[in-house]
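Pasting a structure here, questions to come.
Proteins come first, then strands; the chains are lettered A, B, ... in the order of their sequence lines, and each starts at number 1.
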Amino acid sequence: MRMSHMFGRTLRAAPADVEIISHQLSLRAGLIRPLGAGLFSLLPLGWRVVNKIEDIIREEMDAIGGQEMMMPVVHPADLWRQSGRYQVVGPELARWKDRSDRDMVLALTHEEVVAQLASTEINSYRQLPQIVYHLQTKFRDEPRSRGGLIRVREFTMKDSYSLDLDEAGLEESYSKHWIAYDRIFRRTGLRFIVVTADVGMMGGSKSEEFMAFSPNGEDTILICDSCGYASNQEVARFGRDAASDDAPLPMEEVETPNTTTIQLLADYLKIPTSKTAKAVFYMGESGRFIFAVIRGDLEINETKLRTATGEGGLVPATVEQIKAVGAEAGYGSPVGVKGAFIVVDESVRDARNLVAGANKPGYHLLNVNLGRDYQADVVTDIASAQAGYPCPDCRESMRAERAIEAGNIFKLGTRYSEALGATYLDAEGQEHPVVMGSYGIGSGRLLATVIEQRYDDKGILWPIAIAPYHVSLVAIGSADDTETIAQADALYEALKAAGVEVLYDDRDERPGVKFNDADLIGNPLRIAVSSRNLAKGQLEIKRRSASEPEFVSMDGAVEAILAELDVIAAEELVAAGL
RNA sequence: CGGGGUGUGGCGCAGUCGGUAGCGCGCGGCGUUUGGGACGCUGAGGUCGAAGGUUCGAGUCCUUUCACCCCGACCA
């Protein structure tokens with residue numbers, strides 16, 4: 001490609017309000033342009049990267065037996081009513097009516113369609129297992145898009161779906177995807193970790209996320225370097241203290257003025273915060289009052305609490321709602337409350353004689369104990385794991401990292417197949433629901449995620465596997481330096497003929513402009529043709545990642561460049577552990 | 001949805017006390033220049049996000065509203 005004719009230009013500066021690095025660089029390098037909130041055009045340069053990413057995805061999906069197909073973005077709402085998601089999913093599902101007044105939706109994902117197709121195409125156990133996938137536009141009216149391509153509203157996602165006879169089959173399809181995803185992300189040059197994750201609105205029994213390390217990530221993951229435990233903070237467990245075997249002491253009310261927070265209370269009574277019980281109040285989506293109780297030194301994890309209560313959403317309760325169940329904000333405890341759904345964290349179950357609120361201002365209760373003084377509707381893990389907490393498996397200290405969710409894999413089970421009648425007959429003629437899994441990767445997000453991990457002060461450092469071009473060819477010399485131009489033109493043609501993808505900077509620009517743009521765009525190899533080097537019969541070759549150039553003879557330059565590209569590709573595979 | 005911020009030419013910004021809309025970059029033309037974002041001359045390009053109001057007069061003051069960005073909530 002001759003840069004003099006390339007659609008889309010580089011920018012010297014990114015818009016001032018753009019903050020994260022991948023967003024800045026993808027705008028500056030001319031990969032993307034914004035159209036509206038969470039809506040981006042991919043310019044030719046960015047589109048090349050996305051295509052290469054998608055080709056890698058296709059190769060790896062095909063390698064595990066995936067069959068590519070295509071399903072519509074627009075779905076009849078009835079399909080989503082059948083699965084129940086029409087009712088369950090919030091406003092991120094775009095709903096509209098067509099001209100005949102039929103309810104329609106824009107697909108967030110395609111479980112319903114796959115299940116519907118399975119119901120017509122799959123009849124017999126002989127036809128299973130299957131893996132189908134597609135690369136399709138999805139629309140999610142996100143409450144807040146952010147970070148350029150990291151979180152957008154309209155995006156392309158590779159979705160694959162496995163159809164299996166049973167749980168054992170699903171396990172196999174799931175591990176195949178695990179392997180394919182591992183290879184995809186290695187090949188795109190990502191540093192990542194696989195963590196256990198929340199199943200969220202998808203339902204299902206197990207989910208893992210492929211998380212790429214980045215300070216601009218939206219998720220926090222907890223990692224144990226000692227035993228390899230890694231989990232999204234949303235579902236992360238941690239090593240708990242052993243249950244206390246202290247004898248319960250008589251409950252006693254004490255005056256505790258101005259102790260509306262755990263810290264004030266602990267200071268006033270001169271006890272550690274771990275000897276207190278904290279009450280946190282929510283209103284569930286169903287209208288229930290959710291009364292969460294946790295040891296004073298721990299924090300509630302709302303994802304875990306949602307799972308524990310079965311509530312799709314939780315909002316903090318108001319002072320009036322708290323009073324209505326007989327509790328008191330700042331001095332709350334489950335002792336004596338009515339009409340609340342009480343969820344107690346394991347930490348409180350395993351402790352004895354905690355200090356809890358007396359449900360009246362200025363008073364607390366000493367020696368409160370679960371079972372004797374109040375009952376719980378649920379006792380489970382609702383505590384948030386933090387950096388420094390012990391690993392749940394080996395009890396070594398865990399550390400926290402921010403990360404971007406690059407992909408995830410899900411065991412769905414039979415939720416969708418049952419709802420949409422996707423069943424098969426086994427060898428005995430018995431009908432069973434197909435067991436499903438679903439697996440997603442956003443190609444645009446992956447582009448942004450790779451940039452997040454590969455850049456320097458000059459610009460992007462693409463891995464050759466997904467770089468827009470293999471080579472940036474820079475002609476140094478004015479328009480009237482016909483000899484240099486002729487040599488650069490000839491090299492451009494020769495490289496193209498040799499199958500090299502070349503971005504040829506043939507613009508009438510000063511060398512500094514060209515070098516800076518080449519660095520910004522970040523192709524892995526830069527070749528400079530100049531009269532200075534031509535006089536010595538040489539070409540300059542510089543890796544984007546190197547600080548100093550090398551020189552090769554003009555004779556055999558194409559071979560030398562091909563060899564260097566091979567070396568780069570080989571080194572990347574080694575670095576990726578492939 | 002809550003909090004914060006920003007809207008002035010393609011990009012980055014200035015615009016004081018309300019008085020003829022400016023600067024740098026970029027863009028067109030001409031000339032010089034050519035190994036890390038050159039220089040001179042000369043041009044083109046703006047309903048100052050929108051609407052309403054105050055005023056003799058509004059980029060500037062008031063009201064409303066829209067868009068975008070950031071934090072949070074939310075989120076396969």
>> What I want to find out is whether A:R151 reaches A:E142 closely enough, with some N-O distance under 4.0 Å, to be called a salt bridge.
In response: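 Judged by the 4.0 Å cut-off on N to carboxylate O distance, A:R151 and A:E142 do form a salt bridge.
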>> With a 3.5 Å limit on both atom pairs, tell me what B:rU34 is paired to, counting Watson-Crick and G-U wobble, or say none.
In response: none
>> What is the separation between atom CD1 on A:I404 and atom P on B:rA76, rounded to the nearest whole Å?
In response: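 About 18 Å, once rounded to whole Å.
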>> A:Y416 and side chain to side chain donor-acceptor pair (under 3.5 Å): which single residue from A:R85, A:E112, A:E111 fits?
In response: A:R85
> Nearest of B:rG35, B:rC70, B:rA76 to any side-chain atom of A:R532?
Replying inline: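 Of the options given, the side chain of A:R532 lies nearest B:rG35.
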>> I need the CD-P distance between A:E483 and B:rU34, as an integer number of Å.
In response: 18 Å
>> Applying the salt bridge (charged side-chain N to carboxylate O under 4.0 Å, His left out) criterion to A:K411, which one of A:E208, A:E171, A:E172 satisfies it?
In response: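 Exactly one pass, corresponding to A:E171.
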> Is B:rA67 paired to anything, Watson-Crick or G-U wobble with both distances less than 3.5 Å, and if yes, which nucleotide?
Replying inline: B:rU6
> Whole Å only: how far is the CD atom of A:E92 from the P atom of B:rC75?
Replying inline: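 Atom CD in A:E92 sits about 7 Å away from atom P in B:rC75.
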> Is any side-chain N of the basic residue among A:D505 and A:R507 closer than 4.0 Å to the acidic one's carboxylate O?
Replying inline: yes
> From B:rC75, B:rG36, B:rA76, pick the nucleotide closest to the side chain of A:T109?
Replying inline: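 So the side chain of A:T109 is nearest to B:rA76.
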>> Whether A:D78 and A:R81 form a salt bridge (side-chain N of Lys/Arg under 4.0 Å from carboxylate O of Asp/Glu) is what I want to check.
In response: yes
> More 5' along RNA chain B: A:A14 or A:H23, using each one's nearest nucleotide?
Replying inline: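 Per heavy-atom nearest nucleotide, the more 5' residue is A:A14.
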> Which base sits across from B:rG43 as a Watson-Crick or G-U pair, both distances under 3.5 Å?
Replying inline: B:rC27
>> Under 4.0 Å, counting only non-hydrogen atoms across every strand here, what does A:E208 touch: a base, just sugar-phosphate, or nothing?
In response: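 Result for A:E208 = nothing.
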>> Quick check on B:rC75: is either OP1 or OP2 less than 4.0 Å from any side-chain nitrogen or oxygen of A:R151?
In response: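 Checking A:R151 against B:rC75: no side-chain N or O falls below 4.0 Å of OP1 or OP2.
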>> Classify A:L11 by what it touches in the nucleic acid, base, sugar-phosphate, or nothing, heavy-atom distance under 4.0 Å.
In response: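 It contacts nothing in the nucleic acid.
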> Any idea which of B:rC74, B:rG35, B:rA76 is nearest the A:K138 side chain?
Replying inline: B:rA76
> Going by an N to O cut-off under 4.0 Å, is there a salt bridge joining A:R543 and A:E550?
Replying inline: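 Between A:E550 and A:R543 there is no salt bridge, as every charged N stays at least 4.0 Å from the carboxylate O atoms.
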>> If I pick the P atom on B:rG5 and the same atom on B:rG52, what distance separates them, to the nearest angstrom?
In response: 27 Å
>> Between B:rG37 and B:rC74, how many Å separate the two P atoms, rounded to a whole number?
In response: 49 Å
> When rounded to the nearest Å, what value does the distance between P atoms of B:rG15 and B:rC23 take?
Replying inline: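 It comes out at 15 Å once rounded to the nearest Å.
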>> Tell me whether A:T137 contacts the main-chain N or O of A:T156 through its side chain, where contact means a donor paired with an acceptor under 3.5 Å.
In response: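 Absent.
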>> In whole Å, measure the gap between the P atoms of B:rG9 and B:rC66 for me.
In response: 22 Å
> Taking the side chain of A:M157 as its heavy atoms from C-beta onward, which of B:rA73, B:rA76, B:rC70 lies nearest to it?
Replying inline: B:rA76
> Closest to the A:D508 side chain: B:rC70, B:rA76, B:rU34?
Replying inline: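 So the nucleotide nearest the side chain must be B:rU34.
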> Roughly how many Å is it from CZ in A:R144 to P in B:rC69, rounded to a whole number?
Replying inline: 9 Å
>> Distance check needed: B:rG5 C1' versus A:R146 CZ, whole Å only.
In response: 16 Å
> Which listed nucleotide (B:rC25, B:rC69, B:rC75) is nearest to the side chain of A:R12?
Replying inline: B:rC25
> Nearest of B:rC69, B:rC71, B:rC75 to any side-chain atom of A:E142?
Replying inline: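 From the listed options, B:rC75 comes nearest.
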> B:rA76, B:rG35, B:rC70: which one has an atom nearest the side-chain heavy atoms of A:N533?
Replying inline: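 Nucleotide nearest to A:N533's side chain: B:rG35.
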>> Let's test this: given Watson-Crick or G-U wobble pairing with both distances under 3.5 Å, identify the partner of B:rC75.
In response: none
>> I want to confirm an ordering. Mapping A:I20 and A:H110 to their closest nucleotides on RNA chain B, which one lands closer to the 5' end?
In response: A:I20
>> Please enumerate all residues that pass side chain to side chain contact (heavy atoms under 4.5 Å, CB included) together with A:T303, with sequence neighbours excluded.
In response: A:D198, A:E234, A:N301, A:R306
> What is the base-pairing partner of B:rG19, counting Watson-Crick and G-U wobble geometry with both distances under 3.5 Å?
Replying inline: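 Answer to the pairing question: B:rC56, which forms a Watson-Crick or G-U pair with B:rG19.
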> Which residues in residues 211-222 of chain A have at least one heavy atom lying under 4.0 Å from any atom of RNA chain B?
Replying inline: none
>> Rounded to whole Å, please give me the gap between CD in A:E540 and P in B:rG36.
In response: 11 Å
>> If I take atom CG in residue A:L314 and atom P in nucleotide B:rG72, what distance separates them, rounded to the nearest angstrom?
In response: 19 Å
>> If I take atom CZ in residue A:R33 and atom C1' in nucleotide B:rC68, what distance separates them, rounded to the nearest angstrom?
In response: 16 Å
>> Mind checking if A:G147 touches a base, just sugar-phosphate, or nothing, with heavy atoms under 4.0 Å?
In response: sugar-phosphate
>> Please report the distance separating the C1' of B:rG57 from the corresponding atom of B:rU42, rounded so that it comes out in whole Å.
In response: 35 Å
>> Say we look at B:rA50 and B:rA58: how far apart would their C1' atoms be, to the nearest angstrom?
In response: 15 Å
> Counting distance only, does the side-chain N/O of A:Q24 pair as donor-acceptor with the main-chain N or O of A:V18 below 3.5 Å?
Replying inline: yes
> What residues in residues 510-518 of chain A put a non-hydrogen atom under 4.0 Å from any atom of RNA chain B?
Replying inline: A:R510, A:P511, A:G512, A:V513, A:F515, A:N516, A:D517
>> Suppose you measure atom P in B:rG2 against the same atom in B:rG45; what distance do you get, rounded to whole Å?
In response: 43 Å
>> Looking only at the side chain of A:R9 (C-beta and beyond, no hydrogens), which of the listed nucleotides B:rC27, B:rC70, B:rA76 gets closest?
In response: B:rC27
> When all nucleic acid strands are considered with a 4.0 Å heavy-atom cut-off, which category describes A:R153: base, sugar-phosphate, or nothing?
Replying inline: nothing
> What do the steps show when you test A:D489 against A:R2 for side-chain contact (heavy atoms from CB on, under 4.5 Å), and what is the final call?
Replying inline: CA-CA 10 Å; A:D489 280 356; A:R2 287 178 179 265; 3.5 Å; yes
> Checking A:S175 side chain against A:W178 main chain: does a donor-acceptor pair fall under 3.5 Å?
Replying inline: no
>> I'd like to know if A:K138 and A:E154 make a salt bridge, using a cut-off of under 4.0 Å between side-chain N and carboxylate O.
In response: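 Judged by the 4.0 Å cut-off on N to carboxylate O distance, A:K138 and A:E154 do not form a salt bridge.
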> Ring centres of A:F291 and A:F281 under 6.0 Å apart?
Replying inline: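 Yes, close enough.
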> C1' atom, B:rU16 versus B:rU60: distance in rounded Å?
Replying inline: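 After rounding to an integer number of Å, I get 10 Å for this pair.
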